Participant: 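Mind looking over this structure? Questions follow.
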Amino acid sequence: MNSPIPVLEETHADLLAEITPRDGERREILDPATGGLVGHAPVHGIGDLERAIARAEAAQPAWAALGHARRSELLMLAADAIDAEAEALAHVLSREQGKPLNGPNARFEVGAASGWMRAAAATPLEAEVVVDDGETHAELHYRPIGVVGAIGPWNWPQMITVWQVAPALRMGNTVVVKPSEYTPLSVLALIEVINRVLPASVVEVVSGGRDVGAALASHPSVGKVMFTGSTATGKAIIRSSADTVKRLTLELGGNDAGIVLPDVDPKAIAEAVFWGAFINTGQTCAALKRLYVHDDVYDAVCDALVDVARAMPMGVGLDEANVLGPLQNRQQFDVVDRLVESAKAGGARVLLGGDPDRSAPGNFYPTTLVADIDDRSPLVQEEQFGPALPIIRYHDLDDAIAMANGVEVGLGASVWSTDRDEARSIAARLEVGTVWINAHGAVHPMAPFGGAKQSGYGLEFGVEGLKALGVPQVVNG
């Protein structure tokens with residue numbers, strides 16, 4: 001692991017100063033790589049939430065009245081504003097979340113935030129003629145919902161906030177954002193930047209605790225809640241939203257499986273498999289978290305993955321050399337540590353890593369590959385959400401598919417093969433929302449994304465994502 005480097009405060013000091021509360025309660029946000037102070041976040045309560053919702057509710061009719069074209073113009077300007085502050089936003093994100101600047105990390109995330117903003121603005125959504133038979137003419141339209149509550153996670157805080165906010169705004173809604181308590185500065189900074197070009201109160205942000213999130217999910221003035229996070233929290237949101245029959249889009253936990261067929265070239269797929277599993281140091285809902293490899297290529301795949309993993313530097317995010325960082329919080333470090341230790345106790349073979357320095361500053365868990373592990377191991381059956389990949393040997397394809405489907409969640413999966421037709425036939429048997437072939441976890445702003453089973457419901461991205469932020473209305477006549 002590379003050693004800490006001096007923090008370049010001037011890169012993002014002005015932006016942090018703009019979001020630092022001048023009065024009221026505030027709390028320290030610490031760097032997960034060094035333990036150093038990043039900044040101070042406001043501590044908002046239920047009263048702050050009530051006022052934010054009231055402002056968003058009052059601003060919504062005028063925002064909706066602008067129409068799709070004008071709203072899209074303003075979203076394009078918001079994307080330009082993100083690009084103008086891209087380096088400062090990336091530095092805040094790197095220091096608070098821990099992800100390095102380079103690789104598929106902080107700069108990548110900021111670029112994705114502006115890219116998805118533009119995609120939401122540019123995606124056409126026309127009224128659809130559903131019946132026109134000479135007697136009946138019926139059109140399907142999508143009207144604004146009103147106020148949307150957006151509750152985001154700590155792993156991709158800026159990008160996922162845009163995934164929630166951009167389509168909601170495009171469809172004529174206003175938004176109240178509640179960021180994770182772990183990464184509020186990244187989201188506060190993003191909202192500060194886009195609100196420089198958006199009308200007042202179209203996007204409000206409330207930086208509070210779980211009580212604020214629960215109140216947002218149950219508030220009678222909020223017509224829809226979008227949430228990305230754990231299945232347990234998603235279930236709580238479902239319960240708290242029931243009395244007001246809110247619309248929901250829930251992207252919940254995943255435990256994605258990859259199935260490697262015996263026809264692959266292990267060295268050719270190793271780097272793509274690695275990044276499928278270890279992007280954002282494994283802290284991604286749709287990361288590859290269980291790898292099933294046919295016996296014929298098992299040892300070669302393991303060896304190729306070790307070679308790739310050893311070459312990936314881990315350390316403080318502001319060091320330009322690093323591509324892997326710490327876990328964002330100590331609670332998640334402890335989860336990964338517990339699961340790897342359980343695998344060791346069960347007789348699994350650690351190929352790389354698995355030996356964290358628990359007394360060192362920062363939440364660094366080494367890149368870990370675990371082989372010869374039983375499918376029933378907790379490291380396989382539970383979502384580790386960190387840099388530890390279990391590699392399970394299989395002999396029979398039907399068994400591999402059964403094991404891949406043998407968990408309660410179903411966000412994504414992948415099939416690795418040179419035979420695309422065979423891979424597609426396997427994909428049809430996997431109980432997940434998305435299947436990738438010879439890749440894992442790549443998302444596109446026009447390809448709908450959502451989970452199966454207890455990974456949630458509702459779709460994001462593209463036309464389907466826009467529709468999910470509207471109320472369908474059929475006009476006859």
Side-chain angles (χ1 to χ4, degrees), residues 7-22 29 31 38-42 56 59 63 66 68-123 150 152 154-170 174-177 179 183-205 207 280 317-320 443-445 461:
V7 174
L8 305 176
E9 293 283 1
E10 65 274 10
T11 306
H12 56 283
D14 290 346
L15 186 54
L16 279 176
E18 291 184 58
I19 62 174
T20 298
R22 271 65 173 176
I29 302 297
D31 187 327
V38 179
H40 293 85
W63 175 249
L66 291 178
H68 280 296
R70 179 56 182 157
R71 291 196 300 269
S72 292
E73 290 176 1
L74 289 167
L75 290 178
M76 290 292 190
L77 292 175
D80 292 342
I82 293 172
D83 287 342
E85 289 279 14
E87 194 66 4
L89 287 168
H91 276 71
V92 173
L93 176 62
S94 179
R95 293 193 63 206
E96 180 182 53
Q97 202 281 333
K99 64 184 64 183
L101 291 171
N102 290 324
N105 291 297
R107 289 176 176 133
F108 167 86
E109 178 169 349
V110 174
S114 63
W116 248 267
M117 186 78 76
R118 291 190 176 91
T123 301
W154 49 258
N155 59 334
W156 296 91
Q158 292 178 352
M159 183 173 69
I160 291 178
T161 293
V162 169
W163 289 357
Q164 297 170 333
V165 167
L169 293 178
R170 163 64 197 282
T174 53
V175 189
V176 177
V177 176
T183 53
L185 299 178
S186 298
V187 176
L188 288 163
L190 175 74
I191 301 303
E192 162 66 25
V193 168
I194 66 174
N195 275 347
R196 295 172 185 172
V197 299
L198 295 176
S201 296
V202 166
V203 180
E204 293 279 340
V205 59
S207 176
N280 198 27
L318 295 186
D319 184 334
E320 298 276 356
V443 291
H444 189 282
F461 311 159

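Quick caveat, the model's predicted, so the values are computed rather than measured.
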Participant: Can you tell if the side chain of Pro179 reaches within under 4.5 Å of the side chain of Thr161, non-hydrogen atoms only?
Facilitator: no

Participant: When you measure from the side chain of Ser72 to the backbone N and O of His68, does any donor-acceptor pair fall under 3.5 Å?
Facilitator: yes

Participant: Show your working on side chain to side chain contact (heavy atoms under 4.5 Å, CB included) between Val443 and Trp116 and close with a plain yes or no.
Facilitator: CA-CA 11 Å; Val443 291; Trp116 248 267; 3.7 Å; yes

Participant: Of all the heavy-atom pairs spanning His40 and Leu185, show the shortest one and how long it is.
Facilitator: O-CD2, 3.5 Å

Participant: Atom OG of Ser186 and atom CZ of Arg95: how far apart are they, to the nearest 0.5 Å?
Facilitator: 11.0 Å

Participant: Measuring from atom CG of Leu15 to atom OG1 of Thr20, what distance do you get when rounded to the nearest 0.5 angstrom?
Facilitator: 9.5 Å

Participant: Is it true that Ser201 and Glu204 share a donor-acceptor pair across their side chains at a distance under 3.5 Å?
Facilitator: yes

Participant: Check the pair Met117, Ile194 against side chain to side chain contact (heavy atoms under 4.5 Å, CB included), reporting the backbone distance first and the verdict last.
Facilitator: CA-CA 10 Å; Met117 186 78 76; Ile194 66 174; 4.1 Å; yes

Participant: Looking only at heavy atoms, which two atoms of Leu75 and Ala121 are closest? And how far apart?
Facilitator: CB-CB, 3.8 Å

Participant: My understanding is that only residues two or more places apart in sequence, or in another chain, count here; which of them pass salt bridge (charged side-chain N to carboxylate O under 4.0 Å, His left out) with Glu109?
Facilitator: Lys99

Participant: Kindly give the heavy-atom pair with the smallest separation between Ala59 and Ala200, and that separation in Å.
Facilitator: CB-O, 3.8 Å

Participant: Going from CG on Asp80 to CD on Glu85, what distance comes out if it is rounded to the nearest 0.5 angstrom?
Facilitator: 13.0 Å

Participant: I'd like to know if the side chain of Ser207 reaches the main chain of Pro42, judged simply by a donor and an acceptor atom lying under 3.5 Å from each other, with no hydrogens or angles considered.
Facilitator: yes

Participant: Roughly how far, to the nearest 0.5 Å, is the CE atom of Met76 from the OG atom of Ser114?
Facilitator: 11.0 Å

Participant: Which atom names give the shortest non-hydrogen contact between Asn155 and Ile160, and what distance separates them?
Facilitator: OD1-CD1, 4.2 Å

Participant: Is there a side-chain contact between Val38 and His12 (heavy atoms, below 4.5 Å)?
Facilitator: no

Participant: For Trp154 and Gln97, work out which heavy atoms get closest and say how close.
Facilitator: O-CG, 3.2 Å

Participant: Which atom names give the shortest non-hydrogen contact between Ala56 and Thr174, and what distance separates them?
Facilitator: O-OG1, 2.8 Å

Participant: Can you confirm whether Leu169 sits close enough to Leu198 that some side-chain heavy atom of one is under 4.5 Å from a side-chain heavy atom of the other?
Facilitator: yes

Participant: Check Asp83 with Arg118, please: is the shortest side-chain N to carboxylate O separation under 4.0 Å?
Facilitator: yes

Participant: Atom CD1 of Ile82 and atom CZ of Arg196: how far apart are they, to the nearest 0.5 Å?
Facilitator: 11.0 Å

Participant: Compare all side-chain heavy atoms of Leu93 with those of Leu89 and state whether any distance is below 4.5 angstrom.
Facilitator: no

Participant: Any side-chain heavy-atom pair from Leu74 and Val202 closer than 4.5 angstrom?
Facilitator: no

Participant: In the structure I gave you, are the side-chain heavy atoms of Val177 and Gln164 within less than 4.5 Å of one another anywhere?
Facilitator: no

Participant: Are any non-hydrogen side-chain atoms of Phe461 and His444 less than 4.5 angstrom apart?
Facilitator: no

Participant: Report the C-alpha distance between Leu188 and Glu18 in whole Å, list the side-chain angles of each, state the deciding distance to 0.1 Å, and finish with yes or no for side chain to side chain contact (heavy atoms under 4.5 Å, CB included).
Facilitator: CA-CA 9 Å; Leu188 288 163; Glu18 291 184 58; over 6 Å; no

Participant: Between Asn102 and Arg107, does the side chain to side chain contact (heavy atoms under 4.5 Å, CB included) criterion hold? Intermediate values first, please.
Facilitator: CA-CA 6 Å; Asn102 290 324; Arg107 289 176 176 133; 2.7 Å; yes

Participant: Any non-hydrogen side-chain atom of Asn105 less than 4.5 Å from a side-chain atom of Trp156?
Facilitator: no

